[in-house]
Amino acid sequence: MSRNNCDAKNISTEKSTASTSQQIEKKTGELLSKLTIDEKLQMMDGDAPFWPGMEKMLDGKYNEHPWTSGIIPGIGNPGIRCSDGPRGIVLQGATTFPVSIARGAAWDTVLEEKIGEAIGRELRAFGGNVFLGVCVNLLRHPAWGRAQETYGEDSHHLGEMGVALTRGVQKHAMACAKHFALNSIENARFKVDVKISRRALHEVYLPHFRQVVDEGISCIMSAYNRMNGEWCGQNKILLRKILKEKWGFKGFIVTDWFFGIRDAKKAVLAGQDLEMPFHMHYHSNLKQLVDKGEVPVELIDEAVSRLLREQLRYSDSDSGEYSRKLIASEEHRALALESAEKSIVLLQNKENLLPLTGVKKIAVIGKLADIPNTGDAGSSKTRPDYVITPLAGIKTAFKGKIKAVYNDGSDPEHAAKTAAGSDAVIIVAGYTHSDEGEFLDPETMKKMASFYPEPAPEEEYIARRLEQMKPEDSTGAFLPGGDRDSLTLSSEDETLIKTVSAANKKTIVAVMGGSAIIMESWREKVNSILMIWYPGMEGGKALANILLGKVNPGGKLPLVIPEKAEHLPFFDKNAEKIEYDLWHGYRKLEKENHKPAFPFGFGLSYTDFQYKNLLLCETVLSPSDTLQLQLELSNTGKFSGEEIVQVYISAINSCVERAVKELKAFTRVALVPGENKTVQFEIPLAKLAYYNESKEEFVVEAVKYEVFAGSHSMDPNALKACFSVQE
Ligand code: BGC
């Protein structure tokens with residue numbers, strides 16, 4: 001296509017978008033003018049009365065239907081009907097994809113967008129219109145119980161994946177990114193105060209949120225925790241100054257669910273638009289605050305306009321084209337399989353044990369081989385109609401080719417005997433929702449009691465039920481789980497691996513879990529290690545396809561796996577206060593010269609890739625330019641495969657302390673044996689800026705930069721080149 005044609009296309013798209021947004025603006029104004037103040041306030045909180053809502057939570061009936069808000073009869077607005085994720089819609093029968101951290105390991109933005117589309121379609125088929133599952137909290141420490149809900153530890157990677165999911169979902173419904181911001185300790189989420197400098201906030205913890213805002217996301221969910229002394233849900237700096245004013249966010253902000261704000265006046269003044277899911281602070285206080293003039297009506301109008309505008313953006317697709325047949329359709333389940341296959345990371349493969357060849361009998365060992373293990377049981381819990389476990393996947397795929405014998409591993413000596421009599425062994429070990437996940441305990445719920453509305457006489461039994469709950473009682477959905485106590489496998493799993501691998505060295509360990517697991521005590525004793533995360537409803541099939549070599553593993557770690565927990569930042573799951581600085585993950589290990597067990601971005605393949613001829617199109621640029629570069633990639637091995645090419649950049653002689661290098665671009669490339677491809681990247685230099693606290697803005701320094709293009713963050717064969725930025 002010629003350049004002129006291309007420009008003409010852009011102009012006509014802009015026009016149609018502009019007229020649609022003008023129409024939406026006009027309609028928003030019209031609807032707003034029809035609403036009474038009571039109706040406006042009704043749009044600013046959840047529809048559910050408090051005590052019946054609490055009862056559902058206590059009964060474990062959380063998330064069994066979309067949460068609704070603000071459907072005003074006679075006005076014709078669709079209202080808000082939201083449902084959780086991120087591993088799929090959480091309602092009965094929806095497709096369960098691998099968890100986000102697994103999808104992060106696929107580094108495949110095209111696939112992530114397709115997953116977003118599938119989720120958006122299923123949400124609409126269930127009658128929902130807001131997907132609460134774009135979790136882009138930065139993974140600061142692998143003990144975080146909800147690590148599995150996000151994509152990884154690197155802001156650029158996280159932003160790209162979050163944008164892809166948002167783009168896909170928003171073809172059909174509103175997407176909501178969460179939890180804004182600094183939400184990365186689960187057990188302490190209702191109390192912890194995160195102290196942070198403006199530089200660390202803007203450079204490390206916020207850029208990925210900015211990316212989804214720039215993508216046009218409809219909704220941002222604030223976090224429970226505090227930032228620099230103020231609760232995030234009522235934090236004026238975060239919500240009004242940064243999100244709405246500095247970034248120009250046009251959508252609406254929603255609280256996190258269970259008392260995500262503490263003070264209605266502060267929250268509304270800070271820019272909080274919607275309190276979900278029950279009648280809580282806004283319901284009890286906003287009317288009075290407006291009547292007394294303590295909250296200007298303009299602020300209410302602002303919130304309601306934001307809510308209406310986003311609802312209207314999606315109302316024209318309320319057309320009945322979303323049939324129930326879309327839910328877990330063949331196409332969506334195929335995506336879940338593709339995603340699981342692409343997310344599995346081959347960490348070690350001594351003597352090329354994988355893919356399995358010449359094996360007649362394999363021992364499958366471990367309890368996790370034979371249970372559905374799709375991740376957390378909190379708000380992200382999905383309800384698929386089936387889950388293919390590792391054992392089921394292996395049995396089906398190996399049928400007629402390799403005999404699979406199962407031992408649950410509860411007696412390691414017995415398991416070792418089964419292993420000794422087999423040609424190879426696969427142990428499935430790791431975590432479940434009991435070890436890591438969302439956490440809400442009765443103690444926390446009781447601590448919030450001063451905020452609870454007076455129960456009506458017929459509701460008093462619910463309040464009594466809550467009072468009588470003991471610390472260990474399950475709240476239905478949220479216990480156990482929480483932050484991890486250890487970064488290694490359980491001692492039972494480690495003993496099992498050591499005992500079995502002593503009996504048969506041809507051992508493959510498939511590790512399930514939501515983030516980094518330290519493997520030092522056993523990794524040298526086994527031949528192969530696969531990180532399979534929580535791989536979704538088709539996970540067992542994906543694993544079997546990788547074992548047999550039907551699929552070549554191409555996933556890479558979206559986090560660093562350290563040798564020692566001491567190499568990570570300080571973490572305290574019960575912290576009242578904590579300080580977040582610039583350093584975590586691979587950036588911290590590299591700065592402090594700690595060799596990782598497995599580097600960020602690392603993953604093996606059954607084939608070999610060769611990188612050649614890195615070329616920078618220009619080597620002297622100005623701060624507003626975009627760096628263009630290319631390299632040649634070839635598949636020099638015998639298998640078709642996919643390589644994730646990564647580009648890191650270092651600033652040389654910066655005036656501020658910087659990471660040794662940081663990820664700035666990546667792409668997943670498919671190559672058949674012998675094939676060569678030219679891989680191109682464009683990196684706006686704005687991506688290299690640091691946050692200058694005195695100027696309150698990002699600055700692209702006029703210094704020299706080094707480009708490092710390779711297969712992972714510590715690739716010894718990475719290609720290097722330099723360029724400089726001049727004012
Ligand atoms: C979680 C959110 C979730 C919300 C609604 C909260 O407790 O922190 O991630 O979206 O509940 O279920």
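One-based numbering, in listed order, for ligands and for the atoms of each.
A distance-only check finds a donor-acceptor pair linking the side chain of Glu122 to the backbone of Thr95 [under 3.5 Å].
Every atom of ligand 1 with a heavy atom of Arg189 under 4.0 Å away is listed here by number and element: 7 (O), 8 (O). Counting atoms of ligand 1 from 1 in the listed order, those under 4.0 Å from a heavy atom of Tyr62 are 4 (C), 5 (C), 11 (O), 12 (O). Every atom of ligand 1 with a heavy atom of Glu438 under 4.0 Å away is listed here by number and element: 1 (C), 6 (C), 7 (O), 8 (O).
At a threshold of 4.0 Å, the pair Asp59-Arg465 counts as salt-bridged, since one of the basic side-chain nitrogens sits closer than that to a carboxylate oxygen. Classification of Asp485 and Lys573 as a salt-bridged pair holds, one side-chain N sitting under 4.0 Å from a carboxylate O. Salt-bridge check for Glu310 with Arg313: passed, with a basic side-chain N closer than 4.0 Å to an acidic carboxylate O.
Only the side chain of Arg146 comes within contact range of ligand 1, with a heavy atom under 4.0 Å; no backbone atom does. Contacts between Met221 and ligand 1 below 4.0 angstrom, taking non-hydrogen atoms only, involve the side chain exclusively.
A 6.0 Å sphere centred on NZ of Lys191 holds more than 12 heavy atoms belonging to other residues, nucleotides or ligands.
Ligand 1 lies nowhere less than 4.0 angstrom from a heavy atom belonging to Glu149.
Residue Trp67 places no N or O, backbone or side chain, under 3.5 Å from any N or O of ligand 1.
Aromatic pair Phe259/His281: centroids less than 6.0 angstrom apart.
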